[in-house]
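Because the structure is a prediction, the values reported are computed rather than measured. All values below were derived from every heavy atom in this structure, side-chain atoms included, with hydrogens, water molecules and symmetry-related copies excluded. Residue numbers count from 1 along this sequence.
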Amino acid sequence: MQKKPFDFDVIVIGGGHAGIEAAHAAAKMGSKTLLLTLTIDTIGLMPCNPALGGIGKGHLLYEVSALGGLMPQLATQTYIQARMLNTRKGPAVQGLRLQIDKDAYSALSQKKLQEIENLTIGQHIAEDIIVDEHNTVQGVITKDGTRYSAPSVIITTGTFLNGKLFIGDKVIKGGRREEQAVTGLSLFLQNMKLKLGRLKTGTPPRLLASSLDLSKMEFQEPDSLNYLFEFAPHKTKSTHPCYITHTNERTHQIIKDNLDKSAMYNGNICGVGPRYCPSIEDKIGRFPDKKSHHVFVEPEGANSDEVYPNGISTSLPLEVQEEYVRSIKGFENAIITKPGYAVEYDFVLPNQLKESLEVKTVPGLFLAGQINGTTGYEEAAGQGMVAGINGHLRAHGKAPFILSRTQSYIGVMINDLTSMGVDEPYRMFTSRAERRLILRQDNTFIRLSQKAYELGMIDKALWNTIKAENELVESTLEALKKEYRTAKLMHLFGTAENAIEALKEKEPRLSDRAALIVHAEIRYEPYIKRELKEVERSNYYQSLHIPQSFEYKNLPGLSKELQQKLTTHKPATIAHAALIPGMTPAALSLLIFRAREESA
């Protein structure tokens, strides 16, 4: 009997930032793709801070761009302010950040998806995943009983899996403000014997812009830039200002007096919140001696009358939110248009996934975004793109696409998730990448665009343009090294700004980005050489086995902290040991030496 053909090649569940990139990638590569979402109108919604990029996160977004993703294109067309962060430091740790018009972004994302060939958008709640007797994916069943078949299914449900919203002692079932939770998929995942956990995130109250006194706040100067996240040059035009104010001792006292009313402290929430983006009550509880915290006052959109006060996320009751908000300088007469809230949701422990983001025990099932324990639009987009590419490749019987941690920040993130798992919402920082000197924003297109071209994610014309810039960078570096000694080169051009102008005088064909790449390669040359040697050495030893009986306690040369972490994690190989936070090259060398002794 001939097997019935599948309705689709790839089905994506969820229209958030992971789902958008997954659906876009799969369809662009030629798969017949179905995107299932609760409502089409909320595709591309930014429920929290309407901003993209920053330190580490900006690196992820550059990589999504180099791989042909959609988020950077949407950002270029909907940003209202541009800033380059960390400019006092070297190019390896700087980060582009764009404030976004969230309504325009969501509308444009819907328009772009509807224009993509091979992509169908369905407004349905996914209730269950169809699998055969081998737990291999066969399709999806929606809440109304409709069945769609496909060999690859990608779940990108964000905070919707058994989601609950908290405002004080008020608990509402939902994935976001005024949106219902999804329950059926959690039951399916449990039936597949996957380990689930609970995480928490949150959002601050929104404030009426006209009720604020901006004259009391510090103005945040936008930057004049020649490039955003896309390869093509773009002269920035920031149209809406952002400001900074601060909490104070009165703010903190109000919150301290009401901590027992917060869902984080009254026992209602059991999920773990993000350490690096805590609620304001978390900040007050964890840092009782700190007298103030930054509050970044950012517009919600070009035509919005609401402001996003970044830094005061909360689950306190509305009346307490009003009291502490009005204690902040410039917020004395603030009107809350929407209260802040916390959201708790199910996630899948990501060490149950392959690096392709396919579930190890359920062939054809891929997970991306907050369901894997991450937080942030950029982390979701990077995973969504990888899941979409691999969903397509699996549907067509091709080998998976894997990015290593020495190739990209996306590779760092996925390797961290799948090897170490998470015990709190995962956020990308430049410090997570051991090889950040070779994983810079400026050289992203050189690093990844060939892969994008080979996958069919970018066209030949763009690839040829990128390749030509790379060849010009290489020839310029070669010419400079012939003209000057390396030691002199390192001090020749001074700051990055001076270097760009000086290098363009020597080679007028260089773009600002190409000149920055040349400058960074010169500046970091001895360190890059060392990093490349360490990469080679790490690759050689990464499969070196560490016995589970290995005794780390009191091992000379290992700090007490690393002894404890190694004892807890019990890494199976040197590659796994290298991922433990705080692991140093010296400690790794010691482990390699001892592991070789043990295996001799």
Side-chain angles (χ1 to χ4, degrees), residues 48-49 51 54-55 83 85-86 88 97 99 166-170 200-221 241-269 271-300 306-343 375 424-425 427 429:
C48 204
N49 190 9
I55 311 300
R83 298 183 70 225
L85 309 184
N86 248 9
R88 293 182 181 179
R97 184 180 188 273
Q99 194 69 26
F166 300 86
I167 305 174
D169 59 2
K170 188 177 179 183
K200 169 260 173 190
T201 188
T203 192
R206 303 311 195 268
L207 310 179
L208 184 67
S210 60
S211 70
L212 308 183
D213 187 348
L214 300 175
S215 68
K216 295 183 177 180
M217 305 177 199
E218 176 189 341
F219 175 65
Q220 273 197 301
E221 191 73 40
C242 298
Y243 297 84
I244 300 176
T245 184
H246 301 84
T247 62
N248 52 58
E249 292 185 72
R250 182 167 166 246
T251 313
H252 296 193
Q253 192 58 54
I254 292 167
I255 293 168
K256 285 177 186 175
D257 291 344
N258 290 280
L259 276 179
D260 61 321
K261 298 174 184 175
S262 164
M264 286 295 296
Y265 286 83
N266 66 15
N268 280 346
I269 291 178
V272 180
R275 185 194 317 181
Y276 303 105
C277 188
S279 65
I280 186 62
E281 52 263 42
D282 248 1
K283 291 178 186 177
I284 305 308
R286 284 162 48 188
F287 309 106
D289 298 329
K290 196 166 176 61
K291 291 184 168 36
S292 71
H293 295 281
H294 283 84
V295 182
F296 299 91
V297 183
E298 298 166 336
E300 287 270 271
E306 290 184 322
V307 161
Y308 183 96
N310 186 358
I312 54 171
S313 169
T314 186
S315 62
L316 284 162
L318 176 57
E319 62 272 17
V320 180
Q321 293 185 37
E322 290 174 333
E323 188 179 1
Y324 84 68
V325 163
R326 289 172 185 163
S327 72
I328 296 170
K329 193 173 182 180
F331 290 0
E332 292 87 353
N333 299 304
I335 295 172
I336 293 178
T337 55
K338 297 185 183 77
Y341 64 88
V343 55
T375 181
E424 64 182 18
R427 179 178 179 175
F429 296 100

Trainee: Do Leu207 and Ile336 have side chains that approach each other closer than 4.5 Å (heavy atoms only, starting at C-beta)?
Mentor: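 Answer yes - side chains close enough.
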
Trainee: Whether the side chain of Lys283 engages the backbone of Gly311 through a donor-acceptor N/O pair (distance < 3.5 Å, no angle test) should be reported.
Mentor: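 Pair found, side chain donor or acceptor close to backbone of Gly311.
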
Trainee: Kindly compute the distance separating OH (Tyr243) from CG (Asp213), expressed to the nearest 0.5 Å.
Mentor: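 Here the interatomic distance stands at 10.5 Å.
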
Trainee: Side-chain contact test, heavy atoms from C-beta onward, threshold under 4.5 Å: evaluate it for Ile244 versus His294 and give yes or no.
Mentor: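 They are in contact (side-chain heavy atoms under 4.5 Å apart), so the answer is yes.
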
Trainee: What are the two closest heavy atoms between Lys216 and Gly330, and how far apart are they?
Mentor: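 Heavy atoms of Lys216 and Gly330 come nearest at CD-N, 3.9 Å.
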
Trainee: Are Val297 and Pro309 side-chain neighbours, meaning at least one heavy-atom pair lies under 4.5 Å?
Mentor: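 No, every pair of side-chain atoms sits at 4.5 Å or beyond.
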
Trainee: Quick one: closest heavy-atom pair of Ser327 and Asn248, and the distance?
Mentor: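 Here Ser327 and Asn248 meet closest at O-ND2, 2.7 Å.
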
Trainee: Can Ser262 and Glu281 be counted as having a side-chain donor-acceptor contact under 3.5 angstrom?
Mentor: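 Looking only at side-chain atoms, Glu281 and Ser262 do form a donor-acceptor pair, the distance falling under 3.5 Å.
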
Trainee: Would Glu424 and Thr375 count as a side-chain contact (heavy atoms from CB on, under 4.5 Å) here? Give the steps.
Mentor: CA-CA 9 Å; Glu424 64 182 18; Thr375 181; over 6 Å; no

Trainee: For Lys329, I'd like to know if atom NZ has over 12 heavy atoms of other residues, nucleotides or ligands within 6.0 Å.
Mentor: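 For Lys329, atom NZ is not crowded (no more than 12 foreign heavy atoms under 6.0 Å).
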
Trainee: Within a strict 4.5 Å, meaning less than it, do heavy atoms of the Tyr324 and Ile312 side chains meet?
Mentor: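 Touching, per the 4.5 Å side-chain cut-off.
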
Trainee: At what distance, to the nearest 0.5 angstrom, does CG of Asn266 lie from OG of Ser315?
Mentor: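 Here the rounded value is 7.5 Å.
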
Trainee: What's the spacing between Thr337 OG1 and Glu300 CD if we round to 0.5 Å?
Mentor: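 Spacing of OG1 (Thr337) from CD (Glu300) equals 7.5 Å.
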
Trainee: Check this for me: Lys256, atom NZ, are more than 12 non-hydrogen atoms of other residues, nucleotides or ligands nearer than 6.0 Å?
Mentor: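 More than 12 within 6.0 Å, yes.
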
Trainee: So, do Cys242 and Phe296 sit near enough that their side-chain heavy atoms are less than 4.5 Å apart?
Mentor: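 Contact flag for Cys242/Phe296 side chains = no.
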
Trainee: Below 4.5 Å, heavy atoms only, C-beta onward: do Arg206 and Tyr308 meet side chain to side chain?
Mentor: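 A side-chain contact under 4.5 Å exists here.
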
Trainee: Under 3.5 Å, side chain of Ser211 to main-chain N/O of Ile335, donor-acceptor pair present?
Mentor: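 Checking the backbone N and O of Ile335 against the side chain of Ser211, a donor-acceptor pair under 3.5 Å is found.
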
Trainee: Report, as yes or no, whether the 6.0 Å neighbourhood of atom CG on Asp257 holds more than 12 heavy atoms from other residues, nucleotides or ligands.
Mentor: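 Enclosed: over 12 neighbouring heavy atoms sit under 6.0 Å from CG of Asp257.
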
Trainee: For residues Leu318 and Tyr341, determine if any side-chain heavy atom of one lies less than 4.5 Å from a side-chain heavy atom of the other.
Mentor: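 Of all side-chain heavy-atom pairs linking Tyr341 with Leu318, none is under 4.5 Å.
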
Trainee: So, taking the atom named CG in Asn258 and the one named CD in Glu319, what distance separates them when rounded to the nearest 0.5 Å?
Mentor: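 Here the rounded value is 8.0 Å.
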
Trainee: Once you round to the nearest 0.5 Å, how far does CD1 of Ile55 lie from CZ of Arg427?
Mentor: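 One finds 9.5 Å between CD1 of Ile55 and CZ of Arg427.
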
Trainee: Starting from the C-alpha separation in whole Å, work towards a yes-or-no answer on side-chain contact (heavy atoms from CB on, under 4.5 Å) for Asn49 and Glu298.
Mentor: CA-CA 8 Å; Asn49 190 9; Glu298 298 166 336; 3.0 Å; yes

Trainee: After noting the C-alpha distance and the side-chain angles of Met217 and Leu212, does the key distance pass the side-chain contact (heavy atoms from CB on, under 4.5 Å) rule?
Mentor: CA-CA 10 Å; Met217 305 177 199; Leu212 308 183; 4.2 Å; yes

Trainee: To the nearest 0.5 Å, how far apart are CG in Leu316 and CE in Met264?
Mentor: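 Leu316 atom CG to Met264 atom CE measures 11.0 Å (nearest 0.5 Å).
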
Trainee: State, to 0.1 Å, how close Val325 and Pro205 come at their nearest heavy-atom pair, and which atoms those are.
Mentor: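 In terms of heavy atoms, the two residues are closest at CG2-CG, 4.1 Å.
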
Trainee: Provide the closest heavy-atom pair for Ser292 versus His246 in the form atom of the first, atom of the second, distance.
Mentor: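 For Ser292 and His246, the tightest heavy-atom pair comes out as CB-CB, 4.3 Å.
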
Trainee: Can you tell whether the side chains of Glu323 and Lys261 come within less than 4.0 Å, N to carboxylate O?
Mentor: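 Salt bridge: no.
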
Trainee: Please step through side-chain contact (heavy atoms from CB on, under 4.5 Å) for the pair Phe166 and Lys200, ending with a clear verdict.
Mentor: CA-CA 10 Å; Phe166 300 86; Lys200 169 260 173 190; over 6 Å; no

Trainee: Which heavy atom of Gln321 sits nearest to which heavy atom of Gly340, and what is that distance?
Mentor: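 Here Gln321 and Gly340 meet closest at OE1-N, 2.8 Å.
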
Trainee: Any side-chain heavy-atom pair from Ile328 and Thr247 closer than 4.5 angstrom?
Mentor: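 The answer is yes; the side chains approach within 4.5 Å.
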
